[in-house]
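All remarks here apply to the structure that follows.
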Amino acid sequence: MKKGKLIYEGKAKRVYETEDKDLFIQEFKDDATAFDATKRGTIRDKGIINNKISKILFDLLESKGIETHFVEQLDDRQMLIKRVEIIPLEVTMRNTVAGGMARLLNLKEGLVLSEPVLEYHYKDDSLHDPLINDYHALALGMATGEELEFIKKQSFKINDILKSFFEHKNLILVDFKLEFGRHKGKILLADEISPDTCRLWDKETQKKLDKDRFRRDLGGVEDAYQEVLKRMTA
Ligand code: UDP
């Protein structure tokens, strides 16, 4: 598939057109940012690892009936994806309290939630991705009621699948972020699923094996990403 024009460059990825108007190429970079891009750095080989991890997780989800934008892996850093119109909502699913939820409600990180929590954040860095609810999303025309119902149903299903997958790899899926997009009348899971977008803790030691090592300067960032991939493919 020939790479065409660069149509989007984000913090961790680039998206290119292809000769097929319905397909894009998503390229994973080593660049890392945190705190609305006020902290910047690179994580060696992160792009290669996140491409592989996302491929494995999209395949897993597809095998369980979740439709995603993933088509195929092209090489180390690139995957072919279906073109979608991204819905400007970041869906956060939480199983254990951490990060934003710990801050918002002054809770201790590590508190296990009695049931999963779904949050919508409006995707806008200049506003720091503010927490909103489905009434905001609906009233501001970000998505229709039917779309929101579908996104909600898919997000809980995805959480069940991923949580149990990672549990078998001795990893706790603390929380993660999803993005969805419209493609030919359907809502597909889009973006990526990787240690950039998930919090993953070792089941025995609670060691953080995700982007928090970069955000919080904990060291061993590259090793943590490699460890997640190693466990996933073991
Ligand atoms: N997350 C993400 N992109 C964002 C914000 C959050 O992928 O722009 C992920 C993050 O890695 C974590 C989950 O979403 O797994 C919940 O993040 P939270 O809302 O706690 O925000 P943070 O503490 O990172 O500010």
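Small disclaimer: the values here were computed from a predicted structure and weren't measured. Just so it is clear, the values below take in all heavy atoms, side chains as well, and ignore hydrogens, waters and symmetry mates. Order of appearance sets the numbers: ligands from 1, and atoms from 1 within every ligand.
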Do [Y] and [X] meet the salt-bridge criterion of a basic N to acidic O distance under 4.0 Å?
X	Y	answer
D31	R14	no
K13	D191	yes
R216	E109	yes
D217	K39	yes
D175	R199	yes
E179	K177	yes
K157	D160	no

(message) What I want to know is whether G100 and ligand 1 share at least one N or O pair that is separated by under 3.5 angstrom.
(response) yes
(request) Looking only at distances, please establish whether an N/O atom of ligand 1 is found under 3.5 Å from an N/O atom of E119. (result) no
Element-labelled atoms of ligand 1 that are located less than 4.0 Å from some non-hydrogen atom of [X]:
X	value
C198	15 (O)
E90	4 (C), 8 (O)
D129	8 (O)
T92	16 (C)
D196	7 (O), 11 (O)
G99	20 (O), 23 (O)

Using heavy-atom distances only, which candidate in [options] approaches [atom] most closely?
atom	options	answer
atom 15 (O) of ligand 1	I193, V174, D175, D210	D175
atom 22 (P) of ligand 1	R215, H121, R199	R199
atom 18 (P) of ligand 1	M101, K177, R94	R94

(message) Check contact between R103 and ligand 1, using heavy atoms of the residue and a distance below 4.0 angstrom.
(response) yes
(request) Say whether K211 and ligand 1 are in contact under the criterion: heavy-atom distance to a ligand atom below 4.0 Å. (result)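 So K211 does not count as touching ligand 1.
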(request) Using modelled atom types only, decide if a donor and an acceptor are shared between the side chain of N133 and the backbone of H136 within a distance under 3.5 Å. (result)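 Judged by distance alone, yes, a pair lies under 3.5 Å.
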(message) Out of the candidates K82, K184, H183, only one should pair with D22 under the side chain to side chain donor-acceptor pair (under 3.5 Å) rule; please name it.
(response)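 Answer after filtering K82, K184, H183: K184.
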(message) If you scan the protein for heavy atoms around atom 6 (C) of ligand 1, do you find one that is closer than 4.0 Å?
(response)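 Given the 4.0 Å limit, the answer for atom 6 (C) of ligand 1 is no, no protein heavy atom qualifies.
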